[in-house]
Amino acid sequence: MSSVVPLDPQVNPGFLKLDLYCRGLRLHESCTVEDDGGRPVLRARAGLGSGLELVLDPGLYVNVPAVEAFAQESPYELRRTPDGRYDLYRDGEPCTRVRLSPRPDWYDALTSTGKPMRRIGTLQGTYLGVYPAGVCHFWVQSERRLARENCRFCSVGLNLGVDEEHGKSVDEVLEVVHAARRESGITYVDFNTGHYDGSEFLEVLEPYVRRVKEETGLLVGVQTPPFAHEPDYARLRALGVNRVSFCFEVFDPEVFRALCPGKARVYGLQGYLQAVSTCTALAPRKRFTLDPWVVNGELIAGLEAPESSIAAIDWLTERGAIPTVCVFRPLAGTQLEDRAPPATADMVPVFAALWDRCMEHRLPIGVAPNILVSLVMLPEECRWLVQDENVLRRHRAQSRRLAAMRAIFRPAFRAGLRLRRRPTRAS
Ligand code: SF4
């Protein structure tokens, strides 16, 4: 019997998630998302998320475009039933039932400094995302930068002061981390930095990472531009960071220069690729460990030809890095707001290749507990998009290996968290 799941949004949640990224949805007037406990539509600082957070059975988190112009043309419409549940319709016909991602109580709580906690960090799926420092300098005009050099798809500079605080102290961030751990059961905190002229990124990140690791033992990741000094990557690893991620977004050098002018001038595509190579070389020899070190290369599919995205996936996985791939979203207010999002059919081979290559290179996908990401297709979710039985058959042994790793890692990690108690701090 075939284990291929047809690309039908009624039966294939992976395909539905991808289709929702590409087409968005319309909100029927019956929807009362926030009154029903859903999360508000926030422009997350990653510059990619501006949508409605939903959960698809059997547990795929998705941030669905809902406010951009293209979403108003979507075949998908969300409707509320009289008893407060939510159904997704496609072309006017029932498609599937969905759930609102629950809005945690701490979203409405204040830090001890009086700031709303949701403006310090936000849940992106089931993990906490924090953008700790000021606005990325590629957005800032100055004597040294007469014209902005921001990435053309990015909305970070549009969000500050709207959905986000300008500065976030370590203590404020830790208050939110503890609240999110206590009330939302997070296992992972992700720190995201933009570019800062003349800054050492390790210095920006270190105080936050150190405190989170010391006080919680949670998994911690950082998204950062390449460091100026290679030895700093080993210091990052020594701090206990579990994931380091480099956002080069596109693999085509010309597209990179055109869409990421600041990154191209300061680091160059090669700078990002070198950073990935350096960090994968720091991975422990044995693949299985309770203290993981994962290297990601971040891509935006739909900004370049699908073949180029697949070439990037090949390049990364051959070196032991896991691609993190999101779908281009023409965010309102950005320089690419008038571009069309990619067609779902063009994206299916990209994401099917993502699963295939991760399995081929025996990368540890889907092992960590409770990291369900709403802004990207997780590599393990891309198995739903594989339409070739031979590919699925070829990776059965690796699927069993990953299941065994999950069965060991998850309870061991949770037991480690339970053994910790929050220390009392004078500050
Ligand atoms: S580096 Fe580019 S994508 Fe990242 S925050 Fe700055 S402008 Fe946005």
Side-chain angles (χ1 to χ4, degrees), residues 42-50 63 121-122 124 129-142 144-168 190-202 204-205 208 221-228 243-276 296-304 309 312 323-337 339 341 375-376:
L42 295 173
R43 282 206 291 205
R45 284 280 300 275
L48 292 167
S50 60
N63 179 290
T122 54
Q124 291 165 11
V130 182
Y131 206 119
V135 69
C136 169
H137 284 178
F138 289 145
W139 279 89
V140 180
Q141 285 175 271
S142 63
R144 82 158 75 182
R145 183 177 293 100
L146 298 180
R148 285 177 178 173
E149 294 180 293
N150 61 285
C151 303
R152 301 315 190 210
F153 47 81
C154 175
S155 70
V156 160
L158 308 173
N159 304 348
L160 267 182
V162 180
D163 290 333
E164 287 258 339
E165 289 296 324
H166 284 269
K168 301 169 185 179
D190 189 76
F191 291 103
N192 193 324
T193 71
H195 164 81
Y196 305 105
D197 294 326
S199 273
E200 301 292 344
F201 299 106
L202 188 59
V204 174
L205 294 164
Y208 298 94
V222 300
Q223 291 181 56
T224 171
F227 290 175
R243 166 193 187 252
V244 61
S245 185
F246 300 101
C247 307
F248 54 92
E249 327 291 12
V250 291
F251 201 52
D252 180 315
E254 275 183 37
V255 179
F256 181 78
R257 275 192 295 276
L259 297 186
C260 308
K263 289 180 178 185
R265 182 181 63 78
V266 177
Y267 309 103
L269 182 55
Q270 281 308 318
Y272 283 87
L273 302 183
Q274 182 58 45
V276 170
N296 290 130
E298 305 227 1
L299 301 167
I300 304 177
L303 286 175
E304 61 185 334
S309 297
T324 303
V325 190
C326 68
V327 174
F328 167 58
R329 184 178 301 185
L331 294 172
T334 64
Q335 285 145 301
L336 298 189
E337 69 175 346
R339 271 210 195 175
L375 288 171
V376 303

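Start at 1 and go down the list; that is how both ligands and their atoms are numbered. Heavy-atom basis, side chains included; hydrogens, waters and symmetry copies ignored. All figures in this text were calculated on a predicted structure; none of them were measured in a lab.
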Checking only N/O/S atoms, does C151 have one that is under 2.8 Å from atom 8 (Fe) of ligand 1? no
Just which atoms of ligand 1 are under 4.0 Å from any heavy atom in K263?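 Under 4.0 Å from K263, ligand 1 has these atoms: 1 (S), 2 (Fe).
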Heavy-atom contacts with C154 under 4.0 Å: which atoms of ligand 1 show up? List them by number with element. 3 (S), 5 (S), 7 (S), 8 (Fe)
With sequence neighbours left out, what residues match F256 under ring pair (Phe, Tyr, Trp, His ring centres under 6.0 Å)? none
Using non-hydrogen atoms of the residue, decide whether H195 is closer than 4.0 angstrom to ligand 1.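 In this structure, H195 fails to qualify as a contact of ligand 1 - no heavy atom is under 4.0 Å.
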Non-hydrogen atom of Y131 closer than 4.0 Å to ligand 1: yes
Which residues satisfy the side chain to side chain donor-acceptor pair (under 3.5 Å) test with Y267, sequence neighbours excluded?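 Y267 satisfies side chain to side chain donor-acceptor pair (under 3.5 Å) with H195 once adjacent residues are dropped.
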Salt bridge check, E298 against R243: does any charged N sit closer than 4.0 Å to a carboxylate O?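 Looking at R243 and E298, the cut-off is met.
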Donor-acceptor pair, side chain of K168 and main chain of Y131, under 3.5 angstrom: yes
For D252, does its backbone N or O pair with a side-chain atom of E304 as donor and acceptor, under 3.5 Å?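 The answer is yes, because a donor-acceptor pair under 3.5 Å joins these two groups.
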Strictly under 2.8 Å, is atom 6 (Fe) of ligand 1 approached by any N, O or S atom of C136?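 An N, O or S atom of C136 is closer than 2.8 Å to atom 6 (Fe) of ligand 1, so yes.
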